[in-house]
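Nothing here was measured: the structure is a model prediction, and the numbers come from that model. Order of the sequence lines sets the chain letters (A, B, ...), proteins ahead of strands, with each chain counted from 1.
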2 protein chains.
Amino acid sequence: MSGAAAAPPSRRGGETRRHLIETAIDVFGEYGFEAATTRTLAERAGVNLAAIPYHFGGKAGLYRAAAQYIADHVESRMRSVFEQAGAVLRSERAGRAELLRVLHALLDTFATIVVTSNEGDNWSGFVMREQMRPGEAFEILYQGVMQRVHGMCAALIARLLGEPEEDAKMKVRTLMILGQILIFRMGRAAALRRLGWKRFTDDRIDLVKAVMREQVDAIVARATPQQS
Amino acid sequence: MSGAAAAPPSRRGGETRRHLIETAIDVFGEYGFEAATTRTLAERAGVNLAAIPYHFGGKAGLYRAAAQYIADHVESRMRSVFEQAGAVLRSERAGRAELLRVLHALLDTFATIVVTSNEGDNWSGFVMREQMRPGEAFEILYQGVMQRVHGMCAALIARLLGEPEEDAKMKVRTLMILGQILIFRMGRAAALRRLGWKRFTDDRIDLVKAVMREQVDAIVARATPQQS
DNA sequence: GTCTATAGTCGGATAGAC
DNA sequence: GTCTATCCGACTATAGAC
């Protein structure tokens with residue numbers, strides 16, 4: 001967790017709330033909703049057990065609050081590239097180079113967020129669990145960020161390839177390209193193991209980004225295979 | 001699930017054991033180790049609660065047995081393509097077309113197994129949870145299948161690109177290519193949502209495979225970007 | 001708003017009959 | 001090998017003092 005407290009409310013209530021949410025993201029991400037106990041949640045947040053029913057109505061309310069917090073957090077880190085990409089997409093006659101530039105910027109930012117999470121703040125476990133058993137919290141996450149990342153990438157790739165944006169094929173293509181990044185998060189244990197790494201350092205993330213650019217360039221270059 | 005139980009004991013013990021393992025894969029995959037209760041495990045398997053400590057020494061033993069069962073099962077479904085790929089890789093002067101053919105065969109088989117799981121047998125939740133919190137069971141899964149899939153793909157791609165196989169770059173590249181498939185399993189909820197699908201039918205899986213081939217061909221074609 | 005103490009529930013494992 | 005009954009520990013939530 002990085003930022004300073006956003007809202008310093010009346011007394012210590014807001015502080016407790018916030019602390020509890022940030023801890024809850026870690027704990028729920030690590031153990032899952034059922035296995036995470038209110039004792040662990042309260043203990044790690046350094047607050048009293050009874051604060052959970054008091055502030056959030058119960059364990060489930062805290063869970064929802066955590067999902068909302070993640071959506072807001074990632075959204076804020078993506079906002080700048082979202083705006084760049086939106087601007088380029090709105091201009092009817094954006095050049096190929098410009099389309100590629102914002103696509104790379106979008107994927108780079110996404111890769112940084114996705115790969116570096118869990119070396120400090122750990123929302124990814126939370127998100128992965130919601131992928132496995134989508135519930136109320138999945139809606140909050142999907143509507144907030146996932147949809148926009150997918151949508152923007154698909155629009156950019158469609159323009160670059162000159163193919164229709166709303167086809168299933170284009171959506172599949174876009175999902176696959178995002179999968180090239182997400183593998184390092186969702187299959188992190190296997191990826192690190194395979195690479196003989198213990199964790200992702202900055203230069204390793206740069207390698208990932210470099211290979212990604214190479215492969216995205218190849219895909220949108222529309223080179224007919226083995227034309228050589 | 002296909003394979004027979006490894007150790008068929010005296011009476012109905014083997015049947016109970018097997019049933020318990022297959023159910024356990026579903027239940028652990030759905031709820032996770034901690035949240036899955038022995039009562040649920042026994043009930044869904046239609047066996048007595050006390051059978052779990054009896055046959056597996058406890059909940060943890062059943063979990064390990066389930067991991068081994070998954071590794072064996074996937075291994076057996078991949079065996080044929082593993083052998084094909086191994087043969088091609090051993091022949092020093094395998095042509096480009098042949099290398100591509102076995103790479104596609106490998107990825108196709110992998111895609112089928114990965115995407116169709118969970119419409120019947122559900123080992124993917126189990127595997128994903130081990131990715132999040134790698135434990136004893138992760139070793140069983142990694143050593144068994146993951147390592148071979150990654151290794152074979154990397155070897156084939158390295159040959160096709162004429163790049164060294166053991167470099168981090170090649171491993172990253174291979175992981176990314178596999179990520180194109182795995183996104184449909186690990187990010188299934190978001191993918192289905194984005195595509196407006198409820199589930200993966202045969203023709204949808206064919207679409208995924210077709211796009212994957214296209215993109216793999218583009219990547220290994222070594223086309224310099226924007227040469228056009 | 002925060003704490004301690006406790007009520008009420010459900011978990012895993014075992015004992016011992018069959 | 002399989003069952004029923006039971007123990008004991010851990011969990012969530014609440015009551016009520018401060």
Side-chain angles (χ1 to χ4, degrees), chain A residues 5-67 126 129 133 135-137, chain B residues 4-67 125-126 129 133 135-137:
Chain A
S10 44
R11 209 125 0 255
R12 276 182 52 219
E15 193 54 36
T16 299
R17 238 187 104 86
R18 206 183 105 86
H19 218 99
L20 214 28
I21 290 174
E22 289 180 355
T23 312
I25 292 167
D26 286 346
V27 176
F28 282 133
E30 200 173 342
Y31 301 100
F33 180 77
E34 286 95 345
T37 70
T38 50
R39 279 172 174 77
T40 307
L41 288 160
E43 214 163 293
R44 282 220 216 160
V47 304
N48 191 271
L49 193 154
I52 294 168
Y54 179 77
H55 284 287
F56 302 95
K59 195 183 175 185
L62 175 54
Y63 191 78
R64 276 189 299 274
F126 194 104
R129 287 177 194 280
R133 310 191 70 210
E136 224 180 310
Chain B
S10 41
R11 205 124 6 250
R12 276 181 50 218
E15 192 55 34
T16 298
R17 239 187 104 87
R18 205 181 105 87
H19 219 99
L20 215 28
I21 289 175
E22 289 178 358
T23 311
I25 292 167
D26 286 346
V27 176
F28 282 132
E30 198 173 341
Y31 300 101
F33 179 77
E34 286 95 345
T37 69
T38 49
R39 280 172 175 80
T40 308
L41 287 160
E43 213 163 295
R44 282 221 216 161
V47 306
N48 191 270
L49 194 153
I52 295 169
Y54 179 78
H55 284 287
F56 302 96
K59 197 183 173 184
L62 175 54
Y63 191 76
R64 277 189 299 273
F126 194 106
R129 289 178 193 278
R133 311 192 72 208
E136 221 180 310

Not counting sequence neighbours, which residues clear side chain to side chain contact (heavy atoms under 4.5 Å, CB included) with B:A50? List them please. B:N48

Could you pull out all residues at least two apart from A:A65 that satisfy side chain to side chain contact (heavy atoms under 4.5 Å, CB included)? A:I21, A:F56

Any side-chain heavy atom of A:T37 sitting closer than 4.5 Å to one from A:Y31? no

What's A:A50 touching, base or sugar-phosphate or nothing? Going by heavy atoms closer than 4.0 Å. base

I'd like to know if A:R129 and A:E30 make a salt bridge, using a cut-off of under 4.0 Å between side-chain N and carboxylate O. no

Salt bridge check, A:E34 against A:K59: does any charged N sit closer than 4.0 Å to a carboxylate O? no

Whole-Å distance separating the [atom1] atom of [X] from the [atom2] atom of [N]:
| X | N | atom1 | atom2 | result |
| --- | --- | --- | --- | --- |
| B:H19 | D:dT2 | NE2 | P | 13 Å |
| B:Y54 | D:dT2 | OH | P | 7 Å |
| B:I52 | D:dT2 | CD1 | P | 12 Å |

What string of B, S and - do you get for nucleotides 7-12 of chain C, 5' to 3', when a contact is any protein heavy atom under 4.0 Å? ----BB

Reported CD1-to-CG distance for the pair A:I25 and A:L41, which is rounded to 0.5 angstrom: 11.5 Å

Short side-chain N/O contact from [X] to OP1 or OP2 of [N], under 4.0 Å:
| X | N | answer |
| --- | --- | --- |
| A:H55 | C:dG1 | no |
| B:N48 | D:dG1 | no |
| B:T16 | D:dT2 | yes |

